[in-house]
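The block underneath contains the structure these notes are about, expressed in structure tokens.
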Amino acid sequence: GDTASRTHLSRSVRVRGNRRSVRPGNREVGDTASRTRSGRGRGMSNPQQGNVALRMKFEQTCQDCGESDFVEDHASGDLICRSCGRVAESHVIDEGTEWRSFGDKDDRGADPNRVGGPTNVLLSDGGLSTMISGGKGVDKGLANNLQRMQARTDNTGVDKMLQIAFRDIGRICSSMKLPDIVKSQANEYFRDALEKNKAVKGRQQSASEAAVVFLACRRTGFPRTFKEIRAYVPQARVKDIGKMYKLIVSDLKLKEKGELNEVDSVHPENFLRRFMSNLGFTRSEMMSAIALANVIKPKVEDGQELQHRPWHGRSPVTMAATIMYIMSFLMEEGKKRPSLDDICSVAGLAPQTVGILLRELREHLDALVAQAGGFATPEDLAAKIVYF
């Protein structure tokens, strides 16, 4: 009954060009045979260092002799027991790397280019389109006609523009050291915006790319300001980025879908950690500032503010800059205090913007600090903070 799964003495194995018979009890199958114990051999990994599937393949026991000593025949894809010659597995998939290129100019040399780039689900054909081109011995008129017919039926024009935009978005995210989830979300927003509105093309494309990066940052919890993104897209103005941002949000109906909440989507804490680290604040000062931001930020329930305050409606960046200005007067003694210009430069705001919010908070500041944990006394707040 087991004869169908056994190899006979006449069966030969090709291992790196050497033909040797598999004989019961024969421990050597070719001088350069793959060895499961030492991990030597072409296209085979050490079982102790390979993946789980490969390790399980060589750690199994033979059903006839109970040994765990196997050799792999790469030519036929068989896994053979060295002790008794039983074929434990047949048609095994070679999981090794194929360092060959099967192009027109195959010189059989080492070439890491194997199967082209990865598929992209955002493109109409997954990024694996076929191009018709001419060549030697091909009628040029026929090739031109085929190329013209293909251009009428395919969607390569849109895909080429998407590929250019995806490359630019990737460059922006890489320069800003943003995670891959931001880049993927920005690519998806750009593709959807292009389908909804053709205004993202042409002169506004750079502003559109910056706008979708800004939108993706907010959506994924890594918010950045317009000016921060504009620093990596110099050909776009902040005004144009803001205009395209509003247009894309409107076209994609993100507010109606509940994917974008202007009140609750961005918290001043997202900016405080980054800005205060750049200005040299300590961790305790940063935690006090975050506690104050939690008190100042509007409380929202079911999309409605529970209690309206005069400063509600201010941007999270303005709140973060004003809180940093207040905390700069409460820093440890003997430590260099960042100036108002330093804070405005990091936040990308004008000093007058910080001054307006500071005056709105002035009469409520003692109560707000008390709710935030009382990290400063009313006397210190009145004596140290300079209002303007």
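Keep in mind the model is a prediction, meaning the values are calculated, not measured. Computation of the quantities below employed the complete heavy-atom set of this structure, encompassing side-chain atoms and omitting hydrogens, waters and symmetry-equivalent molecules.
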Practice task
Carefully, step by step, assess Met276 and Leu279 under the rule side-chain contact (heavy atoms from CB on, under 4.5 Å).
Solution key: CA-CA 5 Å; Met276 296 185 76; Leu279 294 173; 5.7 Å; no
Answer whether the closest heavy-atom distance between the side chains of [X] and [Y] falls below 4.5 Å.
{"X": "Met331", "Y": "Pro338", "value": "yes"}
{"X": "Val233", "Y": "Gln235", "value": "yes"}
{"X": "Ile296", "Y": "Thr322", "value": "no"}
{"X": "Val386", "Y": "Tyr325", "value": "yes"}
{"X": "Glu89", "Y": "Phe70", "value": "no"}
{"X": "Cys84", "Y": "Glu67", "value": "no"}

The criterion is side chain to side chain donor-acceptor pair (under 3.5 Å); which residues satisfy it with [X], sequence neighbours excluded?
{"X": "Arg274", "result": "Glu228"}
{"X": "Asp380", "result": "Thr377"}
{"X": "Ser315", "result": "Thr318"}
{"X": "Glu285", "result": "Thr282"}

(message) The test is side-chain contact (heavy atoms from CB on, under 4.5 Å); show your working for Cys217 and Leu178 and say whether it passes.
(response) CA-CA 8 Å; Cys217 287; Leu178 295 172; 3.6 Å; yes
Take the angle between the ring planes of Phe214 and Phe226 and call it parallel below 30°, perpendicular above 60°, tilted in between. parallel
**Request:** Using atom types as modelled and distance alone, determine if a side-chain donor or acceptor of Asp168 lies under 3.5 Å from a backbone N or O of Ala165.
**Result:** no
Item to complete: Please check if the side chain of Thr220 supplies one atom and the backbone of Ala216 the other of a donor-acceptor pair under 3.5 Å.
Response: yes
Report task. Determine, step by step, whether Phe388 and Leu340 satisfy the side-chain contact (heavy atoms from CB on, under 4.5 Å) criterion, reporting the C-alpha distance in whole Å, the side-chain angles of both residues, the deciding distance to 0.1 Å, and the verdict. Result -> CA-CA 11 Å; Phe388 62 97; Leu340 177 62; 3.6 Å; yes
Looking at [atom1] of [X] and [atom2] of [Y], how far apart are the two atoms once the value is rounded to the nearest 0.5 Å?
{"X": "Leu381", "Y": "Phe375", "atom1": "CG", "atom2": "CZ", "answer": "7.0 Å"}
{"X": "Glu209", "Y": "Arg171", "atom1": "CD", "atom2": "CZ", "answer": "8.0 Å"}
{"X": "Met324", "Y": "Phe329", "atom1": "CE", "atom2": "CZ", "answer": "13.0 Å"}

Those residues at least two apart in sequence (or on a different chain) that pass side-chain contact (heavy atoms from CB on, under 4.5 Å) with Ile356 are Arg314, Arg359, Glu360
For Arg273, the salt bridge (charged side-chain N to carboxylate O under 4.0 Å, His left out) test, sequence neighbours excluded, returns Glu269
Heavy atoms of Val317 and Ala347 approach each other most closely as CG1-O, 3.5 Å
